[in-house]
Amino acid sequence: MSKITKLFKPSGGSGSSSKSRKGGPSAQEALFRLRETEEMLSKKQEYLEKKIEQELATARKHGTKNKRAALQALKRKKRLEKQLTQIDGTLSTIEFQREALENSHTNTEVLKNMGYAAKAMKTIHQNLDVDKIDNLMLDIREQQDVAQEISDAISTPTSFGEEFDEDELLAELEELEQEDLNKHMANVTLPSVPSGKLPSRPVSTRKRVEDDDDMQMLAAWAN
C-alpha cells in the first residue's frame, strides 16, 4: 500500500461515522461554527461603533454646561472602544484559524483524491506486462522499417531492364550533330573570286594636295 493511501482509511458503516464524531467535529462543522462566530462579532462591532458615536455626541451636547454628564459619556465611550478593540483582535484570531482550517481541509481533499488516483493507476498497471509492451514496440518499429523500405522501392524510378551507357549515347549524339553540320556545309554555295583587278580606292583632293606639299618639302631639303 502506498504512503498516500495509508493516510486514509476506507469509510465504513455507521460505526465508523460515530467514532469519527466522537473524536471531534468535521471540518465542515468547524468552519460553519467559525463563520457564525465571525458574523456575530461583526454585528457586535457595528453596534459598538454606533454606541461610541452616540456617547461622543452626548459629550459634545453637554460640553461645559453639564460637565459631569459629559465626563460620564466619555467614560462609557472609552469602555466601548476597549470592547471594540478586543473584538477586533478576536476576529483576527478567528479569521486566521478559519483560513488554516480551510487550507487543511483542502489539503486533505487533495491528498484523498491523489490516493484514489494512485489506486486507479495501480489497477490499470496490473493488467499491463512490461515485456509484452517492449515486444509490441519492437514489432511496431520493424513494421515501420518495412513500410519505409516499400515506400522507397515504389518511389525509385526504374527502367525495367533497359540499361544503356550514357557516354555511348552522348558520342552517338555528337556524331549525328556532325553529320547534320557536314550536310549543311555541302549545300552552302560560296561566291566566286573576281579575276580582274580590283578598282583602286579613290583619293580625295585634300589628300593629293597634302602629298604634293610633302614632295615639295622633300625636294627643297634635298637641294
Side-chain angles (χ1 to χ4, degrees), residues 1-12 27-28 31 99-223:
M1 186 181 295
S2 64
K3 294 182 178 179
I4 296 177
T5 54
K6 286 181 180 179
L7 295 174
F8 308 98
K9 296 181 179 179
S11 58
Q28 290 85 351
L31 288 172
E99 291 176 353
L101 183 58
E102 287 176 347
N103 291 334
S104 299
H105 179 64
T106 301
N107 294 334
T108 302
E109 292 297 323
V110 170
L111 290 174
K112 187 184 296 183
N113 293 332
M114 291 175 65
Y116 292 154
K119 290 181 180 179
M121 291 179 64
K122 185 177 181 180
T123 303
I124 294 172
H125 291 161
Q126 284 178 351
N127 300 325
L128 297 178
D129 188 352
V130 177
D131 295 334
K132 292 182 179 180
I133 294 174
D134 293 337
N135 294 331
L136 176 62
M137 296 305 298
L138 181 61
D139 292 340
I140 292 174
R141 285 193 290 269
E142 289 179 354
Q143 294 303 319
Q144 288 178 344
D145 294 338
V146 172
Q148 184 63 40
E149 291 178 0
I150 294 174
S151 178
D152 294 340
I154 294 174
S155 61
T156 302
T158 58
S159 57
F160 297 99
E162 297 181 357
E163 297 180 358
F164 303 99
D165 188 355
E166 187 174 354
D167 294 336
E168 292 181 359
L169 295 176
L170 291 175
E172 184 177 355
L173 180 60
E174 291 180 358
E175 291 178 1
L176 293 174
E177 291 178 349
Q178 187 63 38
E179 290 178 2
D180 292 340
L181 180 61
N182 294 337
K183 289 180 181 179
H184 179 71
M185 294 300 296
N187 295 328
V188 173
T189 303
L190 297 176
S192 58
V193 180
S195 57
K197 185 178 180 181
L198 295 175
S200 59
R201 181 181 178 184
V203 181
S204 62
T205 305
R206 181 178 179 182
K207 181 64 175 176
R208 287 198 300 271
V209 172
E210 291 178 353
D211 293 341
D212 293 341
D213 292 339
D214 292 339
M215 293 298 294
Q216 290 178 3
M217 289 177 64
L218 290 173
W221 179 74
N223 294 330

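Residue numbers start at 1 and run along the sequence shown.
Met121 contributes atom CE, which lies 7.5 Å from atom CD1 of Ile124 (distance to the nearest 0.5 angstrom). Between the CG atom of Asp129 and the CG atom of Leu136 there is a distance of 11.5 Å, given to the nearest 0.5 Å.
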Show me, pair by pair, the donor-acceptor contacts under 3.5 angstrom made by side chains of residues 139-151, not counting sequence neighbours?
unit_1	atom_1	unit_2	atom_2	d
Gln148	NE2	Asp152	OD1	3.1

Applying side chain to side chain contact (heavy atoms under 4.5 Å, CB included) to Leu176 and Glu179, what does each step give before you reach the verdict?
CA-CA 5 Å; Leu176 293 174; Glu179 290 178 2; 4.2 Å; yes
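For Asn103, there are no side-chain hydrogen bond (donor to acceptor under 3.5 Å, both in side chains) partners at least two apart in sequence or on another chain. Applying the salt bridge (Lys or Arg N to Asp or Glu O under 4.0 Å) rule to Glu102 yields the partners Arg35, Arg98; only residues at least two apart in sequence or on another chain are considered.
Counting heavy-atom neighbours within 6.0 Å of Glu172 CD, excluding the residue itself, gives a total of 12 or less.
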